[in-house]
Amino acid sequence: MTAVYYEHIKTCKQSGARLGKVHTPHGSFDTPMFMPVGTLATVKMMSPDELKEMDAQIILSNTYHLWLRPGEDLIREAGGLHSFMNWDRPILTDSGGFQVFSLSKLRDIDEEGVRFRNHISGEKLFLSPEKAMQIQHALGSDIMMAFDECPPYPAEYKYMKDSVERTSRWAERCLREHEGNTTQGLFGIVQGGEYKDLRRQSAEDLVSMDFPGYAIGGLSVGEPKHVMNKVLEETMPHLPDNKPRYLMGVGSADALIDGAIRGVDMFDCVLPTRIGRNGTCMTSEGRKVIRNAEFARDFRPIDEKCDCYACKNYSRAYIRHLVKSKEAFGFRLTSYHNLYFLLNLMVNVREAIKEDRLLDFKEEFFEQYGFNRP
Ligand SMILES: CO[C@@H]1O[C@H](CNc2nc3cc4c(=O)[nH]c(N)nc4cc3[nH]2)[C@@H](O)[C@H]1O
Ligand SMILES: [Zn+2]
């Protein structure tokens with residue numbers, strides 16, 4: 001049995017979405033699942049106890065950021081990321097490719113890897129498939145990601161084809177570097193942009209290398225929602241049913257539901273904590289910008305249908321006051337609620353799959369959230 005493996009529980013008769021579990025060396029998690037992002041070895045503003053309180057079953061961290069600061073050697077000396085950040089449940093680490101492209105201006109890519117400048121110190125750096133594996137080995141994450149190129153959206157067909165073929169060659173180099181490692185699972189990342197034939201080629205290349213799981217990359221990079229859904233529908237048939245599928249960087253409520261319907265098992269996004277830090281909350285009636293004047297004397301909870309710590313104990317007026325005053329506790333409450341909102345959404349999605357009614361759930365949720373409103 002590999003370090004990371006998928007257990008299929010059932011498929012929703014109404015939607016085709018699947019209920020499952022992913023088993024890892026640090027425990028298992030239910031799918032479909034949302035994974036809170038802890039880029040710099042912390043899910044911003046949240047303690048591990050609070051994350052457990054909201055039943056976060058797996059969190060993310062990031063190779064690029066931790067390599068730059070504090071450095072993978074220090075984390076290895078600490079006994080790995082789990083002991084460094086006191087999190088004893090599963091951790092998934094992204095491989096750094098995407099972050100190089102989204103954070104470092106001066107960079108160039110060739111067969112060997114990516115040369116770029118450290119976005120903090122400006123020093124010249126080089127990241128290769130092998131280096132990305134070595135860093136994740138030092139971090140000790142349960143699920144590692146292959147080193148890939150996530151081309152900008154949109155990208156020319158020729159560029160995308162060359163990039164997909166290089167990403168497949170890089171995936172082989174990652175597997176070679178990872179050989180013999182029995183305590184960490186390595187996922188391949190499917191690329192190909194919005195080109196159906198390139199998505200197929202990328203998926204077939206990676207499936208032939210027999211990864212324990214597959215991510216769908218190159219999305220949530222500014223493309224319209226219908227393009228994301230189309231790419232998912234065109235990619236899923238080429239991925240095996242007995243392995244997890246992870247849609248990278250996706251985190252709005254509607255995208256999580258639409259992704260689960262199209263067979264996605266794992267999601268991550270910085271959205272809940274990022275918008276929480278500027279005083280915006282996800283609620284069952286859509287997003288509310290709690291810092292707005294309309295909430296100054298509103299003594300209701302953020303979301304009257306939410307039973308999270310923030311909604312059980314504090315009002316919109318109080319949280320608005322804290323956020324306007326730049327009080328950290330205010331951002332802790334909005335972050336806590338937003339993470340809870342998405343984790344709880346996935347609890348409801350899993351329930352709906354169990355009861356073969358995920359399409360009905362989607363309709364009810366979209367109606368209430370206001371997605372269907374013209
Ligand atoms: C919508 O929020 C913005 O967009 C990002 C989320 N979107 C996203 N797409 C991704 C694609 C890939 C990929 O193809 N490969 C690898 N290795 N990692 C990836 C990570 C990704 N994250 C947030 O960071 C935020 O800035
Ligand atoms: Zn709440």
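In what follows, residues are counted from 1 in the order of the sequence shown. Counting starts at 1 for both ligands and their atoms, in listed order.
- Summary of contacts: the protein heavy atom closest to atom 18 (N) of ligand 1 is Asp94 OD2, 2.7 Å.
- The nearest pair of heavy atoms linking Lys312 to Asp307 is CE-O, 3.3 Å.
- Geometrically, ligand 1 and Gly218 share a nitrogen or oxygen pair separated by less than 3.5 Å.
- Near Asp148, meaning under 4.0 Å from any of its heavy atoms, are these atoms of ligand 1: 13 (C), 14 (O), 15 (N), 16 (C), 17 (N).
- Among Gly251, Ser220, Gly249, the residue whose heavy atom sits closest to atom 4 (O) of ligand 1 is Ser220.
- Heavy atoms of Val37 come nearer than 4.0 angstrom to ligand 1 in no pair at all.
- The Ser95 neighbourhood of ligand 1 comprises atoms 17 (N), with distances under 4.0 Å to a heavy atom of that residue.
- Contact annotation for Leu219 and ligand 1: only backbone heavy atoms (N, CA, C, O) come within less than 4.0 Å of the ligand.
- Taking the six-membered ring where tryptophan is involved, the planes of Phe211 and Tyr214 are perpendicular, since the angle between them exceeds 60° and thus also 30°.
- The atoms of ligand 1 that sit less than 4.0 Å from any heavy atom of Gly217 are 13 (C), 14 (O).
- Annotation: ring-ring contact (aromatic ring centres under 6.0 Å, His included) contacts of His65 (sequence neighbours excluded): none.
- Between the side chain of Gln136 and the backbone N or O of Met144 there is no donor-acceptor pair closer than 3.5 Å.
- A distance-only check finds no donor-acceptor pair linking the side chain of Trp67 to the backbone of Ala132 [under 3.5 Å].
- The closest protein non-hydrogen atom to atom 10 (C) of ligand 1 is Phe98 CE1, 3.5 Å.
- Remark: atom 12 (C) of ligand 1 lies closer than 4.0 Å to at least one protein heavy atom.
- For Tyr314 and Phe329, the gap between ring centers is short of 6.0 Å.
- A salt bridge links Glu50 to Arg332: one of the charged nitrogens lies within less than 4.0 Å of a carboxylate oxygen.
- Between Asp197 and Lys161, no side-chain nitrogen of the basic residue sits less than 4.0 Å from a carboxylate oxygen of the acidic one, so the salt-bridge criterion is not met.
- The shortest separation from a heavy atom of Met248 to ligand 1 is under 4.0 Å, placing the residue in contact.
- Under the 4.5 Å side-chain heavy-atom criterion for grouping Ile, Leu, Val, Met, Phe, Trp and Tyr, Leu359 is connected to Val349 within one hydrophobic cluster.
- The pair Glu123-Arg117 does not meet the salt-bridge criterion, since no charged nitrogen lies less than 4.0 angstrom from a carboxylate oxygen.
- For the atom pair NZ (Lys243) and NE2 (His8), the distance works out to 15.5 Å, reported to the nearest 0.5 Å.
- The protein atom (non-hydrogen) at minimum distance from atom 25 (C) of ligand 1 is Arg274 NH1, 3.6 Å.
- In this pair, His337 and Phe341 present their aromatic rings tilted. The plane angle is within the 30 to 60° band.
- Remark: minimum distance from atom 23 (C) of ligand 1 to any protein heavy atom is reached at Val270 CG2, 4.0 Å.
- The shortest heavy-atom distance from Gln191 to ligand 1 is under 4.0 Å.
- Excluding waters, the protein N/O/S atoms found under 2.8 Å from the Zn ion (ligand 2) are Cys306 SG, Cys308 SG, Cys311 SG, His337 ND1.
- Aromatic ring centres of His119 and Tyr64: separated by under 6.0 Å.
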